[in-house]
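Notes follow the structure.
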Amino acid sequence: MTKQIRFNAFDMNCVAHQSPGLWRYPGDRAWQYKDLEYWQDLARIAERGLFDAIFIADVLGTYDVFGGNDLAAIRQGAQVPVNDPVQLAAIGAAVTEHVGFGITAGTAFEHPVPFARRLSTLDHLTKGRVGWNIVTGYLPSAARNFGQADQLAHDARYDHADEYLEVIYKLLEGSWEDDAVVRDAASGVFAIPEKVHHIGHHGTHFDVPGIHLSEPSPQRTPVVFQAGASPRGVAFAAQNAEAIFIGGPTRDAAKSTVARLRKALVEAGRDPYDAKIYLLSSIITDETAAGARAKYEDLLSYASVEGTQVFFSGWLGVDLSTYDLDEPLGNVQSNAIQSALEAFQGENADGRTWTVRDIVKLGGVGGQGQNFIGSPAEIADTLTDIVEYTDVDGFNLAYATTPGTFEDVADLVVPELQRRGVYQQEYTPGTLRHKLFGAGDRLPDHHRGAQYRVGGPLSTIDDHTDTGRPIPAVI
């Protein structure tokens with residue numbers, strides 16, 4: 001195999017991210033999510049393992065589909081309490097040089113103007129190591145917290161996100177010219193006004209006439225991350241995404257999703273490999289196969305059945321409290337994560353219809369993704385086989401325990417992959433985009449966002465006009 005396998009560490013600023021109940025496991029530090037030291041230690045581990053990024057998920061509501069309330073979510077610490085993810089990029093970047101930070105933020109509940117400034121700020125502070133994971137939302141409780149009766153319909157959320165991205169691209173790519181900032185001490189001019197443009201956006205959801213408030217950062221637009229495998233989500237990813245996260249409880253499901261994404265990228269006028277595709281997975285390993293299996297069984301004994309049902313009820317948009325554990329999901333409709341529901345309405349790896357009990361056992365350790373259990377050599381065999389079979393680029397690694405799962409991958413699995421020549425030996429210098437693609441720091445010319453640059457075909461800038469007033473002399 002010639003393709004290099006890539007890893008992201010998948011975490012969240014909360015106690016129980018994907019594996020409810022495992023915060024009780026001896027040595028687990030998830031309960032320290034409030035501490036700066038935890039995130040800096042995690043950043044160092046990820047960099048030691050030459051991971052592409054720490055990908056930090058987020059929600060703005062509680063999981064209240066299970067049982068029709070959020071009591072179980074609160075009891076289990078199931079992504080509540082949860083703190084903001086954005087600050088973690090700067091915290092982790094302060095103690096590392098290379099690893100990236102993928103920050104999740106939704107398009108539904110924050111205006112693009114302050115958010116664009118937040119992206120530029122992080123990209124400056126991290127020297128270009130930031131990615132933005134775009135989500136459109138799936139929790140009805142989040143919509144209610146913002147005064148809405150419910151979230152928009154699935155496809156309408158993407159329609160709204162399309163315009164949100166248009167505004168972001170105009171601000172980050174089309175407002176400040178590259179040479180607008182001159183810092184001319186002799187004349188007293190910091191930036192040339194004629195090279196800073198009003199974007200003049202007037203759309204269905206947003207009116208943004210003015211300029212971007214930040215000067216251009218190393219990447220301008222951070223690397224665009226996205227997770228969406230529904231037909232509308234795939235179309236959105238094909239237009240925007242540079243890193244795509246997919247689920248898939250079986251190899252065949254993952255292979256089908258990757259093929260659809262590669263095809264959609266071509267139909268959008270991009271190269272099929274213009275986006276790195278990462279498969280959600282968990283790795284349970286030890287020095288021996290027997291040790292890894294024993295570790296998994298031990299971890300599973302701490303998993304929370306109720307917490308897993310809480311998560312999957314929210315992800316699937318189906319109240320699993322109304323199902324018997326041995327009952328299949330059946331043909332139900334959902335306004336949540338449609339690709340997740342579709343995956344579990346098919347057949348499992350044994351050729352049987354998924355039951356609620358199957359889902360609970362799968363998700364107790366690692367959440368929606370596949371669990372890979374074995375010695376480092378066995379894990380390496382599995383990963384290379386999956387990459388060859390599915391055409392994924394890498395793996396978005398959910399933890400069973402933190403930071404233990406990530407330490408095991410960095411210290412046991414990565415060296416084995418390196419020995420086989422299928423994992424990088426060192427980081428490529430430069431920004432996150434440069435590390436991923438080996439090209440420039442900026443969006444490539446054929447990316448949708450690049451079309452909004454000053455003078456680009458989709459630019460709508462409203463230029464400043466020269467007032468003719470002299471520049472005051474420096475005192």
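What you are looking at is a predicted structure, and each value in this text was computed from that prediction instead of being measured.
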By ring-ring contact (aromatic ring centres under 6.0 Å, His included), which residues pair with [X], not counting sequence neighbours?
X      : value
Tyr427 : His98
Tyr169 : His447
His17  : Phe10
His111 : Phe206

- Message: Can you give me the closest heavy-atom contact between Glu242 and Val223, atom names plus distance?
- Response: OE1-CA, 3.4 Å
- Item | Nearest heavy atoms of His198 and Pro209, plus distance in Å | CB-O, 3.1 Å
- Name all pairs fulfilling the salt bridge (Lys or Arg N to Asp or Glu O under 4.0 Å) condition that reach into residues 246-259, sequence neighbours left out, sorted by first residue then second. Arg251-Asp385
- Could you give all pairs that pass the salt bridge (Lys or Arg N to Asp or Glu O under 4.0 Å) test and reach residues 44-53, with sequence neighbours left out? Arg6-Asp52, Asp41-Arg44, Arg48-Asp411
Output all residues satisfying side chain to side chain contact (heavy atoms under 4.5 Å, CB included) with [X], sequence neighbours left out; order by chain, then residue number.
X      : answer
Arg232 : His154, Asp155, Tyr158, Asp159, Asp162, Ser230, Ala235, Phe236
Ala156 : Leu152, Ala153
Ser217 : Asp123, His124

- Message: Could you measure the distance from the CZ atom of Phe395 to the CG atom of Leu383? Nearest 0.5 Å is fine.
- Response: 4.5 Å
- Distance (rounded to the nearest 0.5 Å) between Asn396 CG and Asn8 CG: 5.0 Å
- Aromatic centroids of Phe312 and Phe66 separated by under 6.0 Å: no
- Task: Verify whether the ring centers belonging to Trp39 and Tyr33 lie closer than 6.0 Å.
- Result: no
- Residue pairs passing the side chain to side chain donor-acceptor pair (under 3.5 Å) test with at least one member in residues 436-445, sequence neighbours excluded, are Glu173-Arg442, Asp178-Arg442, Thr431-Asp441, Asp445-Arg453
- Query: With sequence neighbours excluded, what pairs up with Asp28 under the salt bridge (Lys or Arg N to Asp or Glu O under 4.0 Å) test?
  - Reply: none
- Give a yes or no on whether a salt bridge exists between Asp271 and Arg262, defined as a side-chain N under 4.0 angstrom from a carboxylate O. no
- Under 4.0 Å between a Lys/Arg side-chain N and an Asp/Glu carboxylate O for Glu97 and Lys127? no
- With sequence neighbours left out, which residue pairs that include part of residues 209-228 fulfil the ring pair (Phe, Tyr, Trp, His ring centres under 6.0 Å) condition? Phe225-Phe245
- Is there a side-chain contact between Leu261 and Ile277 (heavy atoms, below 4.5 Å)? yes
- Message: Using a 6.0 Å cut-off, check whether atom CH2 of Trp176 has over 12 heavy atoms from anything other than its own residue.
- Response: yes
